Novice: 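I am attaching a structure below and will ask some questions about it afterwards.
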Amino acid sequence: MKKDKAKILSLDNFINFALYDKKKGYYTSQNPFGKSGDFVTAPNISILFSEMISIWLISFWENLGKPKKIDVIELGAGNGELMKGIINTIKNFPDMHDCCNFIIHEKSKKLINVQKKNITSKKLSWKNKLIFKNNYPKIFIANEFFDALPVKHLIKKEKNWYEKFVKLLKNNGEFTLKKIDIKKYKKDLPSQILKNNKFIEYSPLSLKYLKEISKTIKLNNGGLLLIDYGFSSQGFRDTLQAIEKHKFANILGNIGNRDITYNLNFNFLKKFISNLKNLKSLCTTQRNFLLKMGIIERAEIISKKLLFSKKAEIFYRVNRLIDKNKMGELFKVMFITKNNSSFKLGF
Ligand SMILES: C[S@@+](CC[C@H](N)C(=O)[O-])C[C@H]1O[C@@H](n2cnc3c(N)ncnc32)[C@H](O)[C@@H]1O
């Protein structure tokens, strides 16, 4: 970051700096996955998660009429566990495997190297822009991708709107508000939303991704399967949080060493998608999705001949994914596809 110029950053630019600065960023300077890292995502908890996503992918491919070529694109692949599980599972279905190009869209060079070490497949490539020359149908998968994108906070006081900024100090930061012209935000936020809310948390970058992906889906067919934590009730909430060493921490402290995330507002996203026209979105909890995809039955099958301790371990991990008090209800699964699609497996 250049000196003097960027002492005060909008909240989303601050988050972008803290997470993705080339030298100091949380995702760009280290590998936050695994035991010593800050979090463990679903594909790192149980291989059955990736298997269920793979079965869903195979069924959707069949529903699309088994196209001879299809792009399966993971957004933000972390340490690559999900893509590895998907490729290994789909290999068992050669009809589909032959038709697939697997693609990872990843911003962190450090994590791209981790992914390259973790996955070996001639069918896998990396793409830093979601621009496609071919017209194959495309299925996008995003597990805990959108929660890692920067958000803005807008606040209404009396008749005026303000945006949250961060003043950068030596080792930390300080929040400050700046008065804004709300008209400039209207392309993302319809008047009804601005009328009914005094606080708005939203991610302009998420909306940009959703617009681009939606355009591709309308043009080439396919869909987006989005799995993330969030809420589906009305209104907006301040859900921004920082995590360091598995504990909540101050967002503005120890910059570059804390993960900063937020909870997705699925109700807002649903409205946003419906405004993009000719698309539909289905939404359920991770628990419902995985149960409908048959995760328990699969766990029974793979653990049949195992020792009790191994079987217990498998079910303990599945439980973390589906228990209402663990990831089961907080995590939601959203499927976005063309309006005329009849596919609703898992929902
Ligand atoms: C929370 S991790 C999720 C990892 C993985 N999907 C999983 O389930 O384990 C978020 C990932 O998204 C990547 N990422 C964040 N912003 C990105 C962007 N704008 N473009 C591409 N990748 C991005 C991060 O580097 C990281 O790999």
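In listed order, ligands and their atoms are each counted from 1. Keep in mind the model is a prediction, meaning the values are calculated, not measured.
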Novice: If you measure every N or O of G76 against every N or O of ligand 1, does any of those distances drop under 3.5 Å?
Specialist: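 N/O-N/O distance below 3.5 Å exists for this pair.
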
Novice: Going by the order shown, which atoms of ligand 1 are within less than 4.0 Å of some heavy atom of H105?
Specialist: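 Every atom of ligand 1 under 4.0 Å from some heavy atom of H105: 20 (N), 21 (C), 22 (N).
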
Novice: Using a plain distance cutoff, I'd like to know if N79 has any nitrogen or oxygen under 3.5 Å from a nitrogen or oxygen of ligand 1.
Specialist: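 Not met; the criterion fails.
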
Novice: Would you say CG of N128 has more than 12 non-hydrogen atoms from neighbouring residues, nucleotides or ligands within 6.0 angstrom?
Specialist: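 12 or below, so no.
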
Novice: Determine, using heavy atoms of L111 and all atoms of ligand 1, whether some pair is separated by less than 4.0 Å.
Specialist: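 Contact check L111 vs ligand 1: positive.
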
Novice: Can you list the ligand 1 atoms lying under 4.0 Å from a non-hydrogen atom of G78?
Specialist: 4 (C), 5 (C), 27 (O)

Novice: Write out the residue and atom name of the closest protein heavy atom to atom 24 (C) of ligand 1, then the distance separating them to 0.1 Å.
Specialist: E106 OE2, 3.5 Å

Novice: Using a 4.0 Å cut-off to any heavy atom of K107, which atoms of ligand 1 qualify?
Specialist: 17 (C), 18 (C), 19 (N), 20 (N), 21 (C), 22 (N), 23 (C)

Novice: Less than 4.0 Å is my threshold; does some heavy atom of E81 fall inside it relative to ligand 1?
Specialist: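 Outside the 4.0 Å threshold, so no.
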
Novice: Establish, for the pair K164 and F14, whether the NZ or CZ atom is under 6.0 angstrom from the six-membered ring centre and no further than 45 degrees off its axis.
Specialist: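 Judged by the rule (NZ or CZ under 6.0 Å from the ring centre, within 45° of its axis), K164 is not positioned above F14.
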
Novice: Assess the pair F347 and F289: is the distance between their ring centroids shorter than 6.0 Å?
Specialist: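 Yes - the distance between ring centres of F347 and F289 falls below the 6.0 Å cut-off.
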
Novice: Looking only at heavy atoms, is any part of P43 under 4.0 Å from ligand 1, and if so is it the side chain, the backbone, or both, or is it neither?
Specialist: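 For P43, only side-chain atoms sit under 4.0 Å from ligand 1.
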
Novice: Tell me the nearest of L205, N143, D228, L149 to atom 6 (N) of ligand 1, using heavy-atom distances.
Specialist: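 The residue whose heavy atom sits nearest atom 6 (N) of ligand 1 is N143.
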
Novice: Run the ring-centre check on F165 versus F175 and record whether the distance is less than 6.0 Å.
Specialist: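 No - the distance between ring centres of F165 and F175 does not fall below the 6.0 Å cut-off.
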
Novice: Below 4.0 angstrom from a heavy atom of A77, which ligand 1 atoms are there? Numbered from 1 as shown, please.
Specialist: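 In order of numbering, the contacting atoms are 4 (C), 5 (C), 27 (O).
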
Novice: When you compare ligand 1 with D147, is there at least one nitrogen or oxygen pair between them that comes in under 3.5 angstrom?
Specialist: no

Novice: Would S203 and Y209 satisfy side-chain hydrogen bond (donor to acceptor under 3.5 Å, both in side chains), going step by step from the backbone distance to the final call?
Specialist: CA-CA 10 Å; S203 164; Y209 268 107; over 6 Å; no

Novice: Check this for me: K208, atom NZ, are more than 12 non-hydrogen atoms of other residues, nucleotides or ligands nearer than 6.0 Å?
Specialist: no

Novice: Are any of the N/O atoms in Y209 less than 3.5 Å from those in ligand 1?
Specialist: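 In this structure, Y209 places an N or O atom under 3.5 Å from an N or O of ligand 1.
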
Novice: Number the atoms of ligand 1 from 1 as they appear, then name those within less than 4.0 Å of a heavy atom of S108, with their elements.
Specialist: 25 (O)

Novice: Would a line drawn from the ring center of F335 to the ring center of F60 be shorter than 6.0 Å?
Specialist: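 Distance test on ring centres: under 6.0 Å, yes.
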
Novice: Is there a polar contact between ligand 1 and L75, counting only N or O atoms under 3.5 Å apart?
Specialist: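 No; every N/O pair is 3.5 Å or more apart.
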
Novice: How far is atom 7 (C) of ligand 1 from its nearest protein heavy atom, and which residue and atom is that?
Specialist: T41 OG1, 3.4 Å

Novice: Please say whether the positively charged group of K107, taken as NZ for Lys or CZ for Arg, lies over the ring of Y27, i.e. under 6.0 angstrom from the six-membered ring centre and within 45 degrees of the axis.
Specialist: no

Novice: Is the count of non-hydrogen atoms from other residues, nucleotides or ligands lying under 6.0 Å from K156 atom NZ greater than 12?
Specialist: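 Above 12, so yes.
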
Novice: Examine W161 together with F199 and report whether their ring centres are nearer than 6.0 Å.
Specialist: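 No, the ring centres sit 6.0 Å or more apart.
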
Novice: What residue and atom, counting heavy atoms only, is the protein's closest point to atom 17 (C) of ligand 1, and at what distance?
Specialist: F145 CE1, 3.5 Å

Novice: Report the distance from atom CZ of R298 to atom CD of E300, rounding to the nearest 0.5 Å.
Specialist: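 These two atoms lie 12.0 Å from each other.
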
Novice: Is I47 linked to F93 within one hydrophobic cluster, defined over Ile, Leu, Val, Met, Phe, Trp and Tyr using a side-chain heavy-atom separation of less than 4.5 Å?
Specialist: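 Unlinked, I47 and F93 end up in two clusters.
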
Novice: Can you list the atoms of ligand 1 that are under 4.0 Å from a heavy atom of E74?
Specialist: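 This gives 6 (N) as the contact atoms.
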
Novice: Among all protein heavy atoms in this structure, tell me which lies nearest to atom 15 (C) of ligand 1, with the distance rounded to 0.1 Å.
Specialist: Y20 OH, 2.8 Å

Novice: Could you tell me whether some N/O pair between E144 and ligand 1 is separated by less than 3.5 angstrom?
Specialist: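 N/O-N/O distance below 3.5 Å does not exist for this pair.
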
